[in-house]
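Lettering follows sequence order; numbering is per chain, from 1. Predicted model only: the values in this text are computed from it and were never measured.
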There are 2 protein chains.
Amino acid sequence: MSYYNEPKTERGQETLNSLLKAAEEIFGEKGYYNTSIIDITQRAGVAQGTFYIYFPNKKAIFQALILDLSHTLRKEIAISIKNAKNRMEAERTGFRTFFSFINRHSDLYKIVWEAQFVDPDLFRAYYQKIAKGYSDGLANAIKKGEIKDLDTEMLAYSLIGIANFVGLRWIIWEKTQVPEKAFDDMMAFITSGMKKH
Amino acid sequence: MSYYNEPKTERGQETLNSLLKAAEEIFGEKGYYNTSIIDITQRAGVAQGTFYIYFPNKKAIFQALILDLSHTLRKEIAISIKNAKNRMEAERTGFRTFFSFINRHSDLYKIVWEAQFVDPDLFRAYYQKIAKGYSDGLANAIKKGEIKDLDTEMLAYSLIGIANFVGLRWIIWEKTQVPEKAFDDMMAFITSGMKKH
DNA sequence: ATAATATATGAATCATGTTTCATGTTTATT
DNA sequence: AATAAACATGAAACATGATTCATATATTAT
């Protein structure tokens, strides 16, 4: 299931890429509703009509971006925590990767949040998929006795919430890294919240 | 500083109230950008032009709603935690009040999140104000030795993040209360994350 | 080289929505 | 009761932007 028309030639693929790249940039800058097809095609360097060769409508390119983001982010985090020795180490590495990711893609961070208004079901699916993977990892850690036996779904959403709002405070608003002291304290808070006795 | 023209008569005050109420409902249902002035005036039962007697433009009524929400929510939480015996009890009560509030105002919950795209500065100010009050309360608890000495701003944003995403998962998406087991586990997580040794 | 397919163009077509304004009605003031 | 100030109306002016389409060019297959 794809939100765009698969190009059959090299040239077509390049045009599609230009459109996606332009859309990502401008949606990140001005938001979905303040972005016009003209904005996108102009930055991509193609005519207005060309847009509709690849996408049936404006919403479709937004949806395509969300899917792409979701995939890239989850993959990047999964790879980064692959070799963690235990759950606590996985959490620390996962948070680092997430912050690094939104640092490099602050435009996509905004895109995901706006999805709540452009396509609520997709927004929900996005977080549900992340939360599902998170929950499973936590359930595993509980089985191994690495952390307390708490409701894993609640825990997943809590940790996602922490990541999002701490990221919002420093990376999105301040355009800086999360200060080391804040990061360490955050991990201390999470760690003692989850660890046994 | 106000975003609307103060009515001088009883009749004017009623019309203003109708407009605000209608806007709150429709913004919550369809989002800011999918709501037209016609939608608002129709539901309020007044003519299109009447809107501009009270608000200079569409954005202004949205901003007025945010300010109103911000004020009501902070006040409600402040009152609810006034008589808490200690910080942990204040947290538990504060979370309960927050969830109850968004349960009664799920439309306003959506309005605040959309503010990020309609008026980013106002969105930021909204959370900064909440975070500031939260931080101060936490700093006080640290001084009293009730909780660990952690970066209070980080802690404030983390707790706001937890509340928002757990609320999103159950109250907004599922339209139910947060299950008791999840709520208790959430408080257990937060409590052991903050308490000393 | 020719036909078939894919890609590209941009002006025209729809569709919508914000804001203004000339005019009329209601309420408060004297 | 007369006058001024507030409030209300809805059609017109103004602005924008998504989508379609007839036409043209480029690429691939035969």
Side-chain angles (χ1 to χ4, degrees), chain A residues 2-65 111 114-115 117-119, chain B residues 2-65 111 114-115 117-119:
Chain A
S2 164
Y3 287 102
Y4 52 84
N5 277 339
E6 206 63 62
K8 308 285 181 349
T9 71
E10 191 61 32
R11 183 165 69 127
Q13 185 62 52
E14 264 162 33
T15 302
L16 174 61
N17 291 344
S18 304
L19 286 169
L20 283 167
K21 179 152 179 288
E24 177 184 326
E25 289 173 10
I26 308 185
F27 283 151
E29 286 165 24
K30 312 202 294 177
Y32 177 82
Y33 292 102
N34 291 316
T35 298
S36 66
I37 304 297
I38 301 180
D39 289 335
I40 296 172
T41 52
Q42 236 163 31
R43 183 162 314 186
V46 300
Q48 275 192 65
T50 303
F51 180 91
Y52 291 90
I53 294 171
Y54 299 96
F55 301 96
N57 49 50
K58 184 181 171 186
K59 202 186 233 181
I61 195 170
F62 185 85
Q63 294 165 319
L65 283 173
I111 289 170
E114 196 167 19
F117 306 96
V118 179
D119 186 340
Chain B
S2 165
Y3 288 104
Y4 53 83
N5 277 340
E6 207 62 61
K8 307 283 185 342
T9 70
E10 192 60 33
R11 183 166 68 128
Q13 185 62 52
E14 263 161 34
T15 303
L16 174 62
N17 290 345
S18 305
L19 286 168
L20 284 167
K21 178 150 178 291
E24 177 184 324
E25 289 174 11
I26 308 185
F27 283 151
E29 284 165 23
K30 311 202 295 177
Y32 177 82
Y33 291 103
N34 291 317
T35 298
S36 68
I37 303 297
I38 300 180
D39 291 335
I40 297 171
T41 51
Q42 237 163 30
R43 183 161 314 186
V46 299
Q48 276 191 65
T50 303
F51 180 89
Y52 291 91
I53 293 172
Y54 298 96
F55 301 96
N57 50 52
K58 183 182 173 186
K59 201 186 236 182
I61 196 170
F62 185 84
Q63 294 165 320
L65 283 172
I111 289 170
E114 195 167 21
F117 305 95
V118 178
D119 186 340

Problem set entry | Touch class at under 4.0 angstrom, heavy-atom based, for A:Tyr54 against every strand present |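 Answer is sugar-phosphate: A:Tyr54 comes under 4.0 Å of backbone atoms only.
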For this session: May I ask you to say what B:Thr35 touches in the nucleic acid, namely base, sugar-phosphate or nothing, with a heavy-atom cut-off under 4.0 Å?
Result: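 The residue B:Thr35 makes sugar-phosphate contact but no base contact.
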For this session: Return yes if some donor-acceptor pair links the side-chain N/O of B:Asn17 with the main-chain N/O of B:Glu14 below 3.5 Å, else return no.
Result: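 Between the backbone of B:Glu14 and the side chain of B:Asn17 there is no qualifying donor-acceptor contact (under 3.5 Å).
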For this session: Would you confirm whether B:Glu114, through its side chain, and B:Tyr32, through its main-chain N or O, come within 3.5 Å as a donor-acceptor pair?
Result: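 The answer is yes, because a donor-acceptor pair under 3.5 Å joins these two groups.
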Exercise. For A:Lys21, does the NZ atom sit with more than 12 other heavy atoms under 6.0 Å from it, leaving out its own atoms?
Worked result: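 Atom NZ in A:Lys21 is not crowded, with 12 or fewer foreign heavy atoms closer than 6.0 Å.
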Problem set entry | Within 6.0 angstrom of B:Tyr52 OH, more than 12 heavy atoms from elsewhere |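 Yes, OH of B:Tyr52 has more than 12 neighbouring heavy atoms, counting only those of other groups under 6.0 Å.
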Exercise. What are the two closest heavy atoms between A:Ile53 and A:Asn5, and how far apart are they?
Worked result: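 That would be O-ND2, 3.1 Å.
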Exercise. For the residue pair B:Ile40 and B:Leu19, what are the closest heavy atoms and their distance?
Worked result: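 Closest heavy-atom pair between B:Ile40 and B:Leu19: CG2-O, 3.9 Å.
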Closest to side chain of [X], choosing from [options]:
| X | options | result |
| --- | --- | --- |
| A:Ile37 | D:dT9, D:dA18, C:dT9 | D:dA18 |
| A:Gln48 | D:dA26, C:dG10, D:dT9 | C:dG10 |
| B:Ile38 | C:dT7, C:dT18, D:dT19 | C:dT18 |
| A:Thr50 | C:dA8, C:dT19, D:dA8 | C:dA8 |
| A:Ser36 | D:dA18, C:dT9, D:dG10 | D:dA18 |
| A:Arg11 | C:dA8, D:dT19, C:dT26 | C:dA8 |

Within this structure, what is the [atom1]-to-[atom2] distance between [X] and [N], rounded to whole angstrom?
| X | N | atom1 | atom2 | result |
| --- | --- | --- | --- | --- |
| A:Lys8 | C:dA8 | NZ | C1' | 16 Å |
| A:Lys58 | D:dT20 | NZ | P | 15 Å |
| A:Gln42 | C:dG10 | CD | C1' | 12 Å |
| A:Phe62 | D:dA18 | CZ | C1' | 17 Å |
| A:Ile53 | D:dT25 | CD1 | P | 15 Å |
| A:Phe51 | D:dT20 | CZ | P | 11 Å |
| A:Glu14 | D:dT27 | CD | P | 11 Å |
| A:Tyr33 | C:dG17 | OH | P | 12 Å |

For this session: Please tell me which of B:Pro7 and B:Gly49 maps to the more 5' nucleotide of DNA chain D, matching each residue to the nucleotide holding its nearest heavy atom.
Result: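 Nearer the 5' end of the strand: B:Pro7.
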Exercise. Mapping A:Pro56 and A:Asp39 to their closest nucleotides on DNA chain D, which lands nearer the 5' end?
Worked result: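 The 5'-side residue here is A:Asp39.
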Can a side chain N or O of [X] be found less than 4.0 Å away from OP1 or OP2 on [N]?
| X | N | value |
| --- | --- | --- |
| A:Tyr52 | C:dT7 | no |
| A:Thr15 | C:dA8 | yes |
| A:Thr9 | C:dT7 | yes |

Exercise. Taking for each residue the nucleotide of DNA chain C bearing the nearest heavy atom, is the 5' side occupied by B:Glu10 or by B:Asn34?
Worked result: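 Nearest-nucleotide comparison on DNA chain C picks B:Asn34.
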